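The shown structure was predicted, so the numbers you read here are calculated from the model rather than taken from an experiment. Chain letters run A, B, ... following the sequence lines, proteins first, then strands; residues in each count from 1.
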Protein chains: 2
Amino acid sequence: MSATIKSVAEHAGVSIKTVSRVINNEGTVKPDTLARVQAAIDLLNYKPNKAARDLAGRDNYVLGYVYDNPNAYYIIDMQKGILNECRANGYELLIHPCDASSHDIIQEILGMVDSARLAGLILSPPLSEMPEVLSSLDEKGVRYVRILSGSEALESGQPCVLVNDFQAAYQITEHLIQQGHRDIGFIAGEKQHNSTIERQKGFAAALAAHGLPQHPEFVIEGTYSFGTGVTSIETLLSLPKKPTAVFACNDEIAAGALFGARMRGVDVPQTLAIAGFENSPFSRQTFPPLTTASQPTDKIAQRATSTLIQSLKARKLGNDKQAIPAQVFVPELVVRESTKRS
Amino acid sequence: MSATIKSVAEHAGVSIKTVSRVINNEGTVKPDTLARVQAAIDLLNYKPNKAARDLAGRDNYVLGYVYDNPNAYYIIDMQKGILNECRANGYELLIHPCDASSHDIIQEILGMVDSARLAGLILSPPLSEMPEVLSSLDEKGVRYVRILSGSEALESGQPCVLVNDFQAAYQITEHLIQQGHRDIGFIAGEKQHNSTIERQKGFAAALAAHGLPQHPEFVIEGTYSFGTGVTSIETLLSLPKKPTAVFACNDEIAAGALFGARMRGVDVPQTLAIAGFENSPFSRQTFPPLTTASQPTDKIAQRATSTLIQSLKARKLGNDKQAIPAQVFVPELVVRESTKRS
DNA sequence: CAGAAGAATGACAACGCTGTCATTTGACTC
DNA sequence: GAGTCAAATGACAGCGTTGTCATTCTTCTG
């Protein structure tokens with residue numbers, strides 16, 4: 001049926017091993033041999049058989065993306081970014097949605113890594129921030145890259161990509177302050193997401209920097225959901241002293257807050273300003289559109305994937321020590337109507 | 001490292017071939033041998049190596065989901081449904097987003113099928129409705145299952161799952177009529193999606209059935225996007241005779257229409273009723289929430305996958321003739337505030 | 001220009017499984 | 001109890017690649 005390494009070798013008049021060297025870029029092939037082999041590959045439209053590769057080689061060419069996140073847009077963007085990088089490097093992607101709060105989540109992940117012989121894992125929050133998960137993976141020698149909230153270089157030099165939620169939250173809060181708001185509410189997501197913690201810290205830091213008081217009753221804890229937005233805004237607007245602006249931990253909460261405000265007949269942004277976080281497509285589609293922070297999720301995912309692949313290569317070549325620098329992404333402030341005072 | 005078929009065989013005191021028979025459910029193993037082997041498998045926590053299986057066997061255990069659809073919620077639900085079924089049957093899933101309008105889309109799909117040695121493909125609209133794609137796949141002998149809009153059994157007996165958009169659209173339209181609307185606008189999505197055609201037919205049929213006139217100027221063509229909703233509603237509301245209700249071909253358009261109406265200060269649902277289609281999560285989150293039709297996307301996906309797997313098994317066993325009956329799903333009307341007249 | 005050292009290439013086993021076909025086992029017949 | 005036949009099991013090759021190690025070709029040295 002399709003070409004094999006053998007047919008390519010015959011065509012090029014070399015041994016299969018040499019063809020193998022060419023397709024693996026081992027670099028120890030003479031230029032003209034390489035050209036001959038490459039020509040044969042192109043001619044026959046040869047594609048290495050993944051199964052055989054996986055079987056024969058020590059490592060294989062499948063990465064896994066394990067996630068527990070209800071945000072469809074986030075996941076899709078992640079997948080897009082990961083896939084781009086995977087394709088560019090001849091890797092495949094296995095996706096594995098799961099429930100991070102399940103009691104045997106670790107077994108589940110380990111099981112899939114094992115049965116699919118994954119070369120490595122891409123972890124996004126909250127999984128990337130669960131110590132039990134990470135240590136189990138370390139113990140089993142499973143390679144992974146983490147996407148997580150933070151900005152400090154990790155001591156370990158582990159492969160990771162950071163998102164500086166603190167700074168972005170700081171900027172959003174500052175934007176609200178500059179609009180003249182002094183009483184600003186904060187609606188948090190799940191506290192097991194580091195991003196929530198960081199965003200809240202950024203929020204608090206901005207208030208402090210501008211000499212504004214912290215009102216504990218203005219901070220509501222919830223989940224990254226529309227429903228949280230709806231109920232939280234009710235709570236906030238029922239306070240004797242109401243905030244004039246609200247910073248919601250993500251767009252979904254913000255959309256819920258907007259919905260809740262409208263239910264009560266509160267005008268946004270005139271009476272109440274609302275800001276979200278994430279720049280989900282629908283943050284543009286609410287009425288009014290939401291001020292938010294734009295996170296290049298697909299770029300982050302791509303970067304994470306390339307980091308993982310690099311670390312995989314490094315291990316293969318034995319120079320396992322060489323740490324790969326973590327890249328830090330800072331979400332950008334996007335100002336829209338939901339916070340614009342006329 | 002992990003257990004192999006050989007270690008299991010030794011443990012159970014049988015040959016590797018017998019173990020192979022057990023894990024493949026070939027049914028020609030004596031009950032007590034089977035029990036011994038099964039015990040060894042459990043004991044060693046043996047998982048067959050997929051790469052070896054794929055390499056040795058004629059067919060392999062990876063399905064592909066190829067899609068071109070900007071709707072993140074749809075894709076996520078599809079993936080969820082497919083994965084459920086895959087896991088239950090020991091298959092893996094490879095996802096492949098693509099651009100259906102690309103000129104070499106066929107080559108791209110064929111290439112990935114080839115290089116990943118896919119056992120079969122799951123196709124959703126618009127790819128599942130592109131004759132060129134289907135015929136190329138047929139020609140190459142690639143197995144696939146289609147998810148598409150329609151209701152008639154396909155002559156060919158090909159594996160497929162149908163969604164009866166016609167009937168659902170009919171119901172939505174009828175609902176609007178029952179609310180007293182006589183002048184109803186229709187905003188269409190891409191016409192290369194069969195769903196658009198079917199929904200429009202259902203719309204027209206309902207009008208006809210209730211003796212209402214068709215107003216060509218009330219039908220706007222666009223894409224399945226928020227933007228289409230925004231601009232279309234402007235067009236409709238600028239007509240000398242305006243519709244009092246609008247049926248948008250999906251929720252995203254409907255959300256855009258709602259946005260557009262609000263921009264013009266038009267009250268929904270009092271002055272204008274708006275209905276969508278799909279029951280996307282955000283159809284619940286607009287203000288007011290959208291009347292829509294609920295499509296059990298994950299169930300549809302799951303059914304499609306099981307159909308594909310069945311057909312794969314049938315081919316393996318040689319009884320390729322036996323056609324698998326196509327299941328038809330009818331989206332259900334979900335009435336919310338966007339069409340409720342007080 | 002012989003010899004050494006390194007670069008380039010090749011031969012061949014191994015990876016873990018399934019397919020094919022041969023062999024053994026067991027049940028049933030007369 | 002020998003003979004028959006089907007059911008159960010096993011031996012072994014082969015899937016397409018990579019890893020290991022041996023071999024050959026180059027280039028450089030003195």
Side-chain angles (χ1 to χ4, degrees), chain A residues 1-37 40-41 44-62 90 92 114-117 119 312-313 315-318, chain B residues 1-37 40-41 44-62 90 92 114-117 119 313 316-318:
Chain A
M1 172 87 87
S2 59
T4 72
I5 200 173
K6 208 172 146 198
S7 57
V8 173
E10 279 166 9
H11 232 86
V14 297
S15 75
I16 57 171
K17 183 67 225 195
T18 298
V19 178
S20 171
R21 289 192 176 98
V22 171
I23 58 186
N24 288 293
N25 267 313
E26 292 186 21
T28 56
V29 179
K30 270 206 282 190
D32 70 327
T33 322
L34 195 147
R36 251 184 14 257
V37 172
I41 289 178
L44 300 174
N45 187 28
Y46 165 70
K47 304 259 194 301
N49 178 316
K50 244 191 40 57
R53 255 183 151 173
D54 291 353
L55 184 56
R58 185 176 291 127
D59 31 47
N60 63 23
Y61 291 82
V62 186
E92 280 178 13
D114 226 60
S115 80
R117 300 270 148 111
L312 254 23
K313 276 190 190 148
R315 177 167 72 160
K316 193 173 177 182
L317 298 174
Chain B
M1 171 87 89
S2 60
T4 71
I5 200 172
K6 208 171 146 197
S7 57
V8 173
E10 278 165 10
H11 232 85
V14 296
S15 74
I16 57 169
K17 183 66 224 196
T18 299
V19 178
S20 169
R21 288 190 178 101
V22 170
I23 59 186
N24 288 292
N25 268 313
E26 293 186 20
T28 56
V29 180
K30 268 207 283 190
D32 71 326
T33 322
L34 195 148
R36 265 202 340 276
V37 173
I41 289 178
L44 300 174
N45 187 26
Y46 166 69
K47 302 260 197 296
N49 178 315
K50 244 190 42 57
R53 253 186 154 173
D54 290 353
L55 184 56
R58 185 176 290 127
D59 32 45
N60 65 21
Y61 291 84
V62 186
E92 279 178 14
D114 225 58
S115 80
R117 299 270 149 113
K313 277 191 190 147
K316 194 174 177 183
L317 299 174

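Here the P atom of nucleotide D/dT18 and the NZ atom of A/Lys6 are 16 Å apart, to the nearest Å. We find that OH of A/Tyr61 is positioned 18 Å from P of D/dG16, with the value rounded to whole Å. Rounded to whole Å, the distance from CG on A/Asp32 to P on D/dT26 is 10 Å. When rounded to the nearest whole Å, the span between CG of B/Leu55 and C1' of C/dA14 equals 12 Å. In this structure, B/Asp54 places its CG atom 15 Å from C1' of C/dG19, rounding to the nearest Å. Nucleotide D/dT17 holds its P atom 11 Å from the CG atom of A/Asn24, rounded to whole Å. Per the geometry, NZ belonging to B/Lys50 stands 12 Å off P belonging to C/dC17, to the nearest Å. Whole-Å rounding puts the A/Arg36 CZ to C/dG10 C1' distance at 13 Å.
Looking at heavy atoms from C-beta onward, B/Lys50 lies out of side-chain contact with A/Asp54 at the 4.5 angstrom threshold.
B/Asn25 pairs by the side chain to side chain donor-acceptor pair (under 3.5 Å) definition with nothing, not counting sequence neighbours. Judged as a side chain to side chain donor-acceptor pair (under 3.5 Å), and not counting sequence neighbours, A/Asp32 has no contacts.
Residue B/Leu34 comes nearest to B/Val29 through the heavy atom pair N-CG1, 3.7 Å, listed as atom of the first residue, atom of the second, then distance.
One distance of note links CD1 of A/Ile5 with CG of A/Leu44; it measures 12.0 Å at 0.5 Å rounding. The line from CG of B/Leu55 to CZ of A/Arg53 is 13.5 Å long, rounded to the nearest 0.5 Å.
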Would you tabulate the pairs of protein nitrogen or oxygen atoms and nucleotide nitrogen or oxygen atoms of nucleotides 5-8 of chain D closer than 3.5 angstrom?
none

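Across residues 11-21 of chain B, B/Ile16, B/Lys17, B/Ser20 each have a non-hydrogen atom less than 4.0 Å from an atom of DNA chain C (numbered order).
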Donor-acceptor pairs under 3.5 angstrom involving side-chain atoms of residues 6-16 of chain A: please list them, not counting sequence neighbours.
unit_1, atom_1, unit_2, atom_2, d
A/Ser7, OG, A/Thr4, N, 3.0
A/Ser7, OG, A/Thr4, O, 2.8
A/Ser15, OG, A/Lys17, N, 3.4
A/Ser15, OG, A/Thr18, N, 3.4
A/Ser15, OG, A/Thr18, OG1, 3.4

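Rounded to 10°, the helix from C/dC1-D/dG30 to C/dC30-D/dG1 has 40° between the axis fitted to its first five pairs and the one fitted to its last five.
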